[in-house]
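Note that the coordinates shown come from a computational prediction; the quantities given were computed from them, not determined experimentally.
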Amino acid sequence: MTTASTGVTSFTAVACFTFRFSATPRGARLARRLASHQLDRWGWPYRTPVHDAVELVVAELAANAVTHGRVPGRDAELRLAHDAAGRLLLEVSDVRGERRPVLAADGRGPAGDGRGLAEDGRGLTLVAALAEAWGVAERPGAPGKTVWALVADGSLPRVP
């Protein structure tokens, strides 16, 4: 896995999954569904806490990519990897490098503007709550950005 682009320096992937998806709501739903299926194949079964957390994070990052990072005719990309310690690295890349995600200061709206019922600005608060770490990096050798999240398995049992 490309750890230099994400800033996760102690991550050595034992398995990776990459999928390009159309920068549309349908493409984002497909990315979430395929990530869910891949997690189950890797041994994190459906309806377990880590599986559900990863599925939510992928859904949010993919939705953000197709909403805020969309350029007509250009795809987005999902990359999943896990290491021997049971950590999962999720990366979603799009081609709009100038549109960087910003975590709302108070989780109520963009830039903490106090709009409690705002429809935007809350998704990254969810990502921050579910992930051990997350961030944004430039895409090396390609236009755009990669938003990444690291989700730890913890002590959850793995299914062989």
Side-chain angles (χ1 to χ4, degrees), residues 1-21 23 25 27-70 75-111 120-140 142 144-156 158:
M1 196 76 200
T2 56
T3 58
S5 66
T6 62
V8 179
T9 57
S10 62
F11 191 91
T12 303
V14 296
C16 297
F17 171 78
T18 303
F19 174 69
R20 286 187 171 238
F21 59 97
R29 285 190 305 272
L30 181 59
R32 179 195 56 80
R33 183 66 188 119
L34 289 176
S36 178
H37 179 70
Q38 187 62 48
L39 286 171
D40 186 62
R41 290 189 63 193
W42 280 345
W44 284 279
Y46 296 103
R47 295 187 207 97
T48 59
V50 169
H51 185 279
D52 291 348
V54 170
E55 191 173 29
L56 283 170
V57 170
V58 168
E60 178 59 31
L61 298 183
N64 283 352
V66 304
T67 302
H68 305 293
R70 182 176 187 276
D75 290 338
E77 185 175 70
L78 166 69
R79 287 181 302 280
L80 302 175
H82 73 86
D83 66 6
R87 296 181 308 163
L88 293 144
L89 181 60
L90 328 168
E91 298 179 339
V92 176
S93 301
D94 64 57
V95 295
R96 296 286 302 269
E98 76 280 5
R99 297 198 66 185
R100 313 280 285 189
V102 177
L103 180 64
D106 61 4
R108 294 185 291 172
D120 56 355
R122 293 179 287 173
L124 289 175
T125 302
L126 176 65
V127 171
L130 294 172
E132 184 176 294
W134 75 276
V136 184
E138 297 295 321
R139 291 176 73 190
K145 66 184 172 300
T146 297
V147 182
W148 60 270
L150 186 65
V151 177
D153 184 4
S155 61
L156 297 173
R158 295 278 310 278

**Report entry** Under the side chain to side chain contact (heavy atoms under 4.5 Å, CB included) test, residues paired with Ala23 that sit two or more places apart
**Finding:** Val66, Arg70
Report summary line: Here the pair of heavy atoms bringing Ala13 nearest to Ala81 is CB-CB, 3.9 Å
Query raised in the report: Would you say the side chain of Leu130 lies within less than 4.5 Å of the side chain of Val151, judging by non-hydrogen atoms?
Result: no
Requested in this report: Decide side-chain contact (heavy atoms from CB on, under 4.5 Å) for Tyr46 and Leu39; before the verdict, give the C-alpha distance in whole Å, the side-chain angles of both, and the deciding distance to 0.1 Å.
Outcome: CA-CA 8 Å; Tyr46 296 103; Leu39 286 171; over 6 Å; no
Query raised in the report: Are any non-hydrogen side-chain atoms of Arg139 and Val95 less than 4.5 angstrom apart?
Result: yes
Requested in this report: Give me the ring orientation class for Phe17 and Phe19: parallel if the planes are under 30° apart, tilted from 30 to 60°, perpendicular past 60°.
Outcome: parallel
Atom pairs and distances, side-chain donor-acceptor, residues 30-38, under 3.5 Å, sequence neighbours left out:
from	atom 1	to	atom 2	distance (Å)
Arg32	NH1	Glu55	OE2	2.8
Ser36	OG	His51	NE2	3.1
Ser36	OG	Glu55	OE2	3.4

Query - Any Asn64 side-chain heavy atom under 4.5 Å of Val147 side chain - result: no
Requested in this report: With sequence neighbours left out, write down each residue that passes salt bridge (charged side-chain N to carboxylate O under 4.0 Å, His left out) with Arg29, or none if nothing qualifies.
Outcome: none
Query raised in the report: Looking only at heavy atoms, which two atoms of Ala149 and Ala131 are closest? And how far apart?
Result: CB-CB, 4.0 Å
Query raised in the report: Taking C-beta and beyond as the side chain, do Leu88 and Trp42 meet within less than 4.5 Å on heavy atoms?
Result: yes
Requested in this report: Quick one: list whatever passes side-chain hydrogen bond (donor to acceptor under 3.5 Å, both in side chains) with Asp75, sequence neighbours left out.
Outcome: none
Query raised in the report: To the nearest 0.5 Å, what is the distance between CG (Leu150) and CD (Glu132)?
Result: 5.0 Å
Query raised in the report: If you take all heavy atoms of Ala84 and Val14, which pair is closest and at what distance?
Result: N-CG1, 3.9 Å
Query raised in the report: If you measure from CD on Glu60 to OG1 on Thr67, what distance do you get to the nearest 0.5 Å?
Result: 8.5 Å
**Report entry** Interatomic spacing from CG in Leu124 to CH2 in Trp134 - rounded to 0.5 Å
**Finding:** 4.5 Å
Query raised in the report: Just by distance, do the side chain of Asp83 and the backbone of Gly86 share a donor-acceptor pair under 3.5 Å?
Result: yes
Query raised in the report: Which residues pass the side chain to side chain contact (heavy atoms under 4.5 Å, CB included) test with Thr18, sequence neighbours left out?
Result: Glu77, Arg79
Query raised in the report: Nearest 0.5 Å, what's the CH2-CG distance between Trp148 and Leu89?
Result: 7.5 Å
Report summary line: Closest non-hydrogen contact found for Val50 with Trp44 is CG1-CD1, 3.7 Å
Query raised in the report: Out of curiosity, Thr146 OG1 to Asp94 CG, how far, rounded to the nearest 0.5 Å?
Result: 8.0 Å
Report task. Kindly determine whether Lys145 and Glu138 satisfy side-chain contact (heavy atoms from CB on, under 4.5 Å), including the steps that lead there. Result -> CA-CA 5 Å; Lys145 66 184 172 300; Glu138 297 295 321; 5.6 Å; no
**Report entry** Carboxylate-amine/guanidinium proximity below 4.0 Å for Asp52 and Arg47
**Finding:** no
